[in-house]
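One structure is given below, encoded as structure tokens.
For reference, positions follow the sequence shown, starting with 1. Values below: all heavy atoms of this structure, side chains included; hydrogens, waters and symmetry mates excluded.
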Amino acid sequence: MKHSTFHFLFSHFPILFSLPFLSLSQLPGRWELLLENAGIASMHTAVTRFGTVVLLDRTDIGPSQLHLPAGHCRHDPKDRSLPRLDCTAHSALFNPSTLSLLPLSILSDTWCSSGQFLPDGTLLQTGGDFDGLRRIRTFSPCAPNLPCDWRELKSPLLTVGRWYATDQILPDGSVVIVGGRASPSVEFYPPSRQLRLFPFLAAAEDSQMDNLYPFVHLLPDGHLFVFANSRAVLYDVYAGTVLREYPPIPGGPRSYPSAGSSAMLALEPTGGGYLHAEIVVCGGAQFGAFLHRDTDAQADTSCGRITASDPESIWVMEEMPYPRIMGDMVMLPTGDVLIINGAMAGSQGFEMATQPCFYPLLYRPDQPIGLRFMTLTPTTIPRMYHSTANLLPDGRVLIAGSNPHYFYRFNVEFSTELRLEAFSPEYLSPDRRNLRPEILVSPEKVGYGETFNVEVSVELPLVGIVEVNLASAPFSTHSFSQGQRLVKLVVSAAVELSGDEARHFYQIGCTAPPDGRVAPPGYYMAFAVNQGVASEAKWVQLLL
């Protein structure tokens, strides 16, 4: 890490050093470099049900450093960078287990596009720029060492162009595609419903277009919480009506290009069902930072939290220890939120931010205000514009991307970043290994409301309830993970099956979510969590 960065932090934000005698080696969490050169800077990242990871950039960026197999070159006469022939990959399939890469072929431009997994595990990818503006693509993942690749659909096309839109899977397994530049409307895949205008998005636009990449969360009552700029509404996606306008969040715009981030906290079966839903929105840029290219404008330090399911709710504000834009919020299997990546000044956009924020934060929702944020071990790699963060089945978080330039640029202050890192939260530390459960038996498919058993083993005897939590595999891009959710299951007390001094074996009774409003159909990572220590996940498919 550069000395100038430490000097800036200390001189401008002394609150960050309120524990001056705590060395970096004592902070929680651990970093590891997985791959020195992935060949592409992943602007969009998603984890498949096989544990492999789709890395995706854009096609009109010039040559990448990952070559396509012979005979798979892309010819696009309208490409402004390589109008004749492009024989380099702009997408790849990464295997974290073997640290191997499979180049993938993507044809139309995926710049600032959107995505979501379908119930059968297929990755749906929508929109982009130039020839990708109305395109729909799919990727059907395959087991490692088998061939699979992108498929560009000739039909259907999106009804209107979608650039900077957000996708969200719905309770029936269809996907709603929300907004985009100059597209204040919603449409659906499959296109069984007609396009609907969404005037809220048009009203949320300002002079620097702060209504892009809206934060969209499916609430457990089946309605959508849609946030754009500094405003949010409760939206009946099937009727196409706004049911409620929430109070504006204090502090100015938060969505693209003002670069805040958002997550829905874990859904829990309390109070007679999954009735309670809370949303957090953290960070953001000063209004005008994007418009006036003010790369030194300090980012926002505030987080807003609102109970979206409460008709009288208001935003409750709290302060992060760091200002942050372009942070990624990752729901961990424990229910805590990891806030990672980003910068402390400027906004989203090419060459528009400075002062990288190297320190991740752990947001602990169950703690009182003032004690919720924990500073974690810093990285040494700036992760600025176009960086991503995704939860892996082994409990680590994959960090990819960062390219704040229009083309690939190296040997500059914030160069195009091709390295892949993994961050291990504190629950993976060696001193907690004897608490870490291992899932031995779990179903591959379950129906809504179905009861089933999970068998686990652990070194130390259990002293409390072991949670079984379902984590979705979202589509991470531009500081928001589309489709992200964590659902805690109804579980019974663990029953010991057998054991000795070395290992104990237990059975846990579980009840699947009641319907697709709580957890839309599809593949989830099922984690067992013992005293805040998460197991490696097993994939389970929720069936309609």
Side chain proximity check, F414 to S402, heavy atoms < 4.5 angstrom
no
Does the side chain of T48 reach to within under 4.5 Å of the side chain of V54, using non-hydrogen atoms?
yes
So, for L218 and I169, which heavy atoms are closest and what is the spacing to 0.1 Å?
CD2-O, 3.8 Å
Minimal heavy-atom distance between L195 and S185, with the atoms involved, is CD1-OG, 3.7 Å
Looking at T166 and F480, what are the two nearest heavy atoms and their distance?
CG2-CE2, 3.9 Å
Which of parallel (below 30°), tilted (30 to 60°) and perpendicular (above 60°) describes F227 and F225?
parallel
Would a 4.5 Å heavy-atom cut-off, applied to side chains only, mark S387 and E417 as touching?
no
Can you tell me how the ring of H44 sits relative to the ring of F475, calling it parallel under 30°, perpendicular over 60° and tilted otherwise?
parallel
Note: S91 and W150 closest approach over all heavy atoms is OG-NE1, 2.9 Å
CD of Q298 to OG1 of T354, rounded to nearest 0.5 Å, is 10.5 Å
Under 3.5 Å donor-acceptor, T138 side chain and L124 backbone:
no
In residues 329-344, what donor-acceptor pairs under 3.5 Å come from side-chain atoms, sequence neighbours left out?
residue: T334; atom: OG1; partner: D336; partner atom: N; Å: 3.3
residue: N341; atom: ND2; partner: D328; partner atom: OD2; Å: 2.9
residue: N341; atom: ND2; partner: T388; partner atom: O; Å: 3.3

T377 side-chain N/O to G29 backbone N/O, donor-acceptor pair under 3.5 Å:
yes
About how many Å separate OG1 of T88 and CG of L68, when rounded to the nearest 0.5 Å?
6.5 Å
Is the backbone of N95 close enough, under 3.5 Å, to the side chain of S100 for a donor and an acceptor to pair up by distance?
no
Verify, without hydrogens or angle tests, whether E426 (side chain) and P28 (backbone) share a donor-acceptor contact under 3.5 angstrom.
no
Disulfide bond (SG atoms under 2.5 Å apart) partners for C303, two or more places apart
C282
Side chains of S108 and E152: any donor to acceptor distance under 3.5 Å?
yes
Between the main-chain N or O of G127 and the side-chain N or O of R137, is there a donor-acceptor pair closer than 3.5 Å?
yes
Using side-chain heavy atoms (C-beta onward) and a distance below 4.5 Å, is D296 in contact with Q355?
yes
Counting only heavy atoms not in R151 (residues, nucleotides, ligands), do more than 12 fall under 6.0 Å from its CZ?
no
Does Y246 reach the main-chain N or O of A308 with its side chain, forming a donor-acceptor pair under 3.5 Å?
yes
Taking CZ in R396 as the centre, count heavy atoms belonging to other residues, nucleotides or ligands within less than 6.0 Å. Is the count above 12?
yes
By side-chain hydrogen bond (donor to acceptor under 3.5 Å, both in side chains) - contacts of E36 (at least two apart)
none
Apply side-chain hydrogen bond (donor to acceptor under 3.5 Å, both in side chains) to Q125 and S113, showing your working.
CA-CA 7 Å; Q125 224 278 316; S113 52; 2.6 Å; yes
Heavy-atom check, side chain of Q168 versus side chain of H217, under 4.5 Å
no
Answer yes or no: is there a donor N or O on one side and an acceptor on the other, between the side chain of S262 and the main chain of V280, under 3.5 Å?
yes
Would you please indicate yes or no on a ring centroid separation below 6.0 angstrom for Y256 and Y164?
yes
Give the minimum heavy-atom separation between L170 and V176, together with the two atoms involved.
CD2-CG1, 3.9 Å
dist S261:OG -> F215:CZ (nearest 0.5 Å) comes out at 6.5 Å
Candidate pair Q65 and N37, rule side-chain hydrogen bond (donor to acceptor under 3.5 Å, both in side chains), full reasoning:
CA-CA 8 Å; Q65 295 189 7; N37 188 346; 2.8 Å; yes
Expected output: side-chain S476 to main-chain S481 donor-acceptor under 3.5 Å
no
If you look at every heavy atom in Q484 and A263, which pair is closest and at what distance?
NE2-CB, 4.2 Å
D210 side, atom CG; L291 side, atom CG - distance, nearest 0.5 Å
9.5 Å
CD1/I306 to CD1/I314 distance, rounded to the nearest 0.5 angstrom?
8.0 Å
Just so I know, are the side chains of H223 and R244 near enough to count as touching, which here means a heavy-atom distance under 4.5 Å?
no
Close side-chain approach of M352 to R293, heavy-atom, < 4.5 Å
yes
Does T307 use its side chain to pair, donor to acceptor, with the backbone of S313 at less than 3.5 Å?
no
Is it the case that the ring center of F130 lies less than 6.0 angstrom away from the ring center of W163?
no
Specify whether H386 and H478 have parallel, tilted or perpendicular ring planes, treating 30° as the upper limit for parallel and 60° as the lower limit for perpendicular.
perpendicular
Straight-line distance of F410 CZ to T416 OG1, nearest 0.5 Å
5.0 Å
Are D60 and R58 within salt-bridge range, i.e. N to O under 4.0 Å?
yes
Evaluate the side-chain proximity of H90 to L56: yes if any heavy-atom separation is below 4.5 Å, no if none is.
no
Give a yes or no answer on whether the side chain of N229 reaches the backbone of E205 with a donor-acceptor pair at less than 3.5 Å.
no
Could you walk me through whether F200 and Y235 pass the ring-ring contact (aromatic ring centres under 6.0 Å, His included) test, one step at a time?
CA-CA 10 Å; F200 161 72; Y235 183 63; 8.7 Å; no
Verify side-chain hydrogen bond (donor to acceptor under 3.5 Å, both in side chains) between S302 and R254, making sure each step is shown before the conclusion.
CA-CA 10 Å; S302 69; R254 309 281 180 149; 2.8 Å; yes
Between S64 and D57, is a side-chain hydrogen bond (donor to acceptor under 3.5 Å, both in side chains) present by the stated rule, with each step listed?
CA-CA 9 Å; S64 74; D57 199 2; over 6 Å; no
